[in-house]
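A short write-up of the structure that comes next.
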Amino acid sequence: MAYDYEKSIRPGKLPHIWCPGCGHGIVMKGLIRAMDTCGLEKNNTAIVSGIGCASRLPGYMDFCTLHTAHGRAAAFATGVKMAKPEMNVIVCGGDGDGTAIGGNHFIHACRRNIDMTYVLLNNHIYGMTGGQFSPCTPTGAKASTTPYGNPDPIFDISKLAIGAGATFVARTTAFHATQIDKLIAEGIKHKGMSVIEVVDDCPTTYGRRNKFRSVVDMMKVLKDTAVPVAAASKMTAEQLEGKILTGVLYQEDKPEYCAQYKQVIARAQG
Amino acid sequence: MSAKAEIEIIERYCKGCAICAEFCPTKVLEMDAFVVKVANADACIACNQCELRCPDFAIKVHKL
Amino acid sequence: MAKKVALLQGNTACALGAVYAGCTFFGGYPITPSTEVAEVMSEELPKVGGKFIQMEDEIAAMASVIGASLTGAKTLTATSGPGVSLKQELIGYACIAETPCVIINVMRGGPSTGMPTGPGQSDVMQARWGTHGDHAAIAVAPASCQEIFSETVRAFNLAEKYRMPVQVLYDEIVGHMRERIEFPEPGELEVIDRAAPTCSPEDYKPYDAKSDTDVPPLAAFGSEYRFHVTGLNKAADGFPTTKASLVDFEERRQIAKVECPEARADIESNEEYLCDDADVIILAYGSTSRSARYAVNELRAEGIKAGLFRPITLWPFPEKRVAELGKQVKAIVLPEMNLGQMIFEVERIVKNDCKLAGVHRVDGEPINPGQIIDQVKEVI
Ligand SMILES: Cc1ncc(C[n+]2csc(CCOP(=O)(O)OP(=O)(O)O)c2C)c(N)n1
Ligand code: SF4
Ligand code: SF4
Ligand code: SF4
Ligand SMILES: [Mg+2]
């Protein structure tokens, strides 16, 4: 039997709104498999997102789902998790949502090491609004607001997460479908803030402007630029130029926020 | 050579992106205008890659 | 048994009122003159097993209280001036997603940083119209420490009953003033808890209104009910829709649930002091009403039939009663620590039925009774 995705999807919600070839659907499938692997119960799991194409993901999922405001997913999710620590909390959203308008909430959720799993769908662009550059749009690339090429340097999301204090940080791409669920599942099992960056594609607003002939071309680039961390350790800086490291980039055991607050309660009551 | 899996295509979900066809290692799938179709069923090795990468939940690999 | 009494600051009374109402979650960000609310909550909440979190900014604080509320908790945030401005987008989110929460706004002057330590009443219109889009608003304005306690409890009740954000507005003067307060016994003040759905989980729709003024019950995340929440216009099932008739119904219902006559009668709360035979009404709210009451007494001593009308609920505004008073009196004098906000609402209601004059002050000093008395004498 083929894998049954429908059991995790709300009846009647497919086909989804994403464009042909949009990587967000591949990531959603990976998330479904990962949540399944971890046995997350529907009634006990919240999926929280911001605004953007990527942030439409929770609406399809048959869980407790919260589609919030642009950039604020991590802050809403923090409220959910703090108020009901027994719930599993997954956050998902785009690069713009998580690192531009929501960058502050993102880094502070990492800093607190609150037990949630943030799946960041990095398609290097503001897809939903028609392709303006995001903090993750490569320097020089074309976006609707960088007609002469993007002058901005980019954020390395995973480094940002590690620097901010997340205790499980991993990266993969939409091409590497089996790695998506493997890494998300590890992130879910990890106690503390886990960030899984999935580099994906927006053929409609990014691919078109940046001379990709098709979404297949974009997938090929993802395939060719990904380098597993183990392999990277044997490569020179020159060889690594323009590559994206994939796999578990960082893992550490540190006190988790809700557990810490439990001690606050014990002290207040003691 | 005989097929190792039966490929089910849910046409109303398929958006014709061609990702499945392109990365099928044995070229089982082909694009037919805006949907994919099974062109070479016997060659399927049941690797599941088409199903994993279809963004649209439109292809299922039923292992035989 | 004698009641427990204490000499408390308004902000402390607010926090203790929240705990009395059953608040179990506070998300905040410090700002003068509201900070003491957060400080007291950080001490009191863990004692009752509740959660306090200091977020990275006011937007995050607002987000956290909405998120926490969706798990079934009664939630509070407190801020002032610039912080309220930052919260506005998410106040709108709480309106459209119909998520109960209470927002304390200890008003100071502005715009921008303004005078952080000075009192102001310049957020009256912000409380009504601060967030974009059509929406209803409930805001209350206590004028003493005792009333801050009881109005905070009432704000939680209204938030839960009407499934929306409720704002408590008081100014720096009341927030930092110390007064004797008597603690109500448990059960003495009404405490309303969130209505739970009665249908089966399969049939549950978070916005399944039975009428165009109905407030459907809100289930909790983590219970047997599973649902979707969004800030988009949505249908009864909680999922986005652009269908004109559904959008129109929901937009209107979310306002009518607060502004229909039954709801107004329930939500509105006013104090009238010597209004029955009055020729002139001083209409004042919050700390300014304290000067106004003094002025009424002075004016009465001089033989001028003055009265005080004090809206405790600012929004929805007590339109009906103010319209009646407008017909009864020669003049209404409206002191407020801003350059004219509520006065425009009153003007809209009384039209030319009586004279209307304001007393306005934005220099960080409270309005004193003498200023009010002078204005009353001037208009009559
Ligand atoms: C406060 C606010 N500002 C701006 C917007 C407009 N907006 C909607 S989605 C979006 C960008 C989304 O980009 P990203 O998060 O990368 O998601 P994608 O669409 O690429 O998946 C923007 C700018 C908004 N909805 N709210
Ligand atoms: S615009 Fe881009 S990100 Fe949005 S659905 Fe289309 S391809 Fe995906
Ligand atoms: S399962 Fe593998 S071989 Fe068979 S069609 Fe899919 S990609 Fe091709
Ligand atoms: S990957 Fe899916 S949507 Fe794309 S062509 Fe194949 S079946 Fe259709
Ligand atoms: Mg994006």
Side-chain angles (χ1 to χ4, degrees), chain A residues 10 12-13 17 41-49 51 55-56 58-89 101-102 104-109 111-112 114 257-258 261-269, chain C residues 24-27 42-75 77 88-94 96-97 99 101 201 219-232 234 237-240:
Chain A
R10 291 186 162 114
K13 294 290 169 199
I17 54 156
E41 262 179 64
K42 291 180 170 187
N43 286 343
N44 201 31
T45 302
I47 311 178
V48 186
S49 70
I51 295 286
S55 294
R56 293 304 282 266
Y60 300 106
M61 302 282 287
D62 194 9
F63 293 81
C64 308
T65 53
L66 178 53
H67 178 227
T68 72
H70 194 26
R72 315 300 170 201
F76 275 80
T78 299
V80 172
K81 185 68 188 180
M82 265 295 265
K84 239 183 208 173
E86 63 274 23
M87 281 190 91
N88 310 298
V89 177
I101 190 164
N104 199 31
H105 309 312
F106 177 71
I107 58 174
H108 284 279
R111 173 181 63 82
R112 288 185 194 102
I114 187 161
Y257 192 75
C258 296
Y261 198 81
K262 228 177 170 175
Q263 293 182 18
V264 169
I265 293 178
R267 286 199 291 274
Q269 295 180 343
Chain C
T24 55
F25 184 93
F26 180 96
S42 73
E43 192 175 338
E44 295 302 318
L45 276 181
K47 287 186 195 164
V48 296
K51 315 284 167 66
F52 167 92
I53 187 165
Q54 184 170 307
M55 294 298 284
E56 51 275 16
D57 60 29
E58 286 85 351
I59 306 174
M62 191 65 212
S64 73
V65 303
I66 300 171
S69 177
L70 286 167
T71 70
K74 291 187 180 180
T75 66
T77 187
Q88 288 300 349
E89 184 197 6
L90 296 186
I91 291 176
Y93 186 94
I96 195 165
T99 313
C101 53
F221 278 1
S223 69
E224 66 271 37
Y225 294 85
R226 196 160 67 238
F227 57 102
H228 182 59
V229 181
T230 176
L232 287 162
K234 66 231 169 298
D237 61 7
F239 291 98

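Reckoned from all heavy atoms, side chains included, excluding hydrogens, waters and symmetry mates. We name chains A, B, ... by the order of the sequence lines, and we start the count at 1 in each one. Keep in mind that what you see is a predicted model, and the values were worked out from it rather than measured.
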[X] side, atom [atom1]; [Y] side, atom [atom2] - distance, nearest 0.5 Å:
| X | Y | atom1 | atom2 | result |
| --- | --- | --- | --- | --- |
| C/H228 | A/Y60 | NE2 | OH | 9.5 Å |
| A/K84 | C/F25 | NZ | CZ | 13.5 Å |
| C/M62 | A/R72 | CE | CZ | 12.5 Å |
| C/L232 | A/I51 | CG | CD1 | 6.0 Å |

Which atom names give the shortest non-hydrogen contact between [X] and [Y], and what distance separates them?
| X | Y | value |
| --- | --- | --- |
| A/L66 | C/Y93 | CD1-OH, 3.4 Å |
| C/E89 | A/A69 | OE2-CB, 3.6 Å |
| C/A63 | A/A75 | CB-CB, 3.5 Å |
| A/A83 | C/A68 | CB-CB, 3.6 Å |

**Prompt:** What option among C/I66, C/V65, C/T24 has the most heavy-atom pairs under 4.5 Å with chain A?
**Reply:**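 Most heavy-atom pairs under 4.5 Å with chain A: C/I66.
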
Identify which part of [X] has an atom lying under 4.5 Å from any heavy atom of chain C, answering side chain, backbone, both or neither.
| X | value |
| --- | --- |
| A/R111 | neither |
| A/D62 | both |
| A/K81 | neither |
| A/R267 | neither |

**Asked** Side chain, backbone, both or neither: which part of C/S223 has a heavy atom under 4.5 Å from chain A?
**Response** backbone

**Prompt:** With a 4.5 angstrom heavy-atom cut-off, which part of C/P240 approaches chain A: side chain, backbone, both or neither?
**Reply:** side chain

Residue pair [X] / [Y], side-chain heavy-atom distance below 4.5 Å:
| X | Y | result |
| --- | --- | --- |
| C/F221 | A/N43 | no |
| C/I59 | A/H105 | yes |
| C/F239 | A/R10 | yes |
| A/F76 | C/L70 | no |
| C/V229 | A/T65 | no |

**Asked** Salt bridge check: are A/R112 and C/E56 linked by an N-O gap of less than 4.0 Å?
**Response** yes

**Request:** Give the member of A/V264, A/N104, A/N44, A/T78 that has the highest number of heavy-atom pairs under 4.5 Å with chain C.
**Result:** A/N104

**Item:** Pairs of heavy atoms under 4.5 Å with chain C: top-ranked of A/E41, A/E86, A/K13
**Value:** A/K13

List the atom pairs, donor and acceptor, that lie under 3.5 Å between side-chain atoms in residues 44-55 of chain C and the rest of the protein, sequence neighbours left out.
unit_1	atom_1	unit_2	atom_2	d
C/E44	OE2	C/K47	NZ	3.1
C/K51	NZ	A/M82	O	2.8

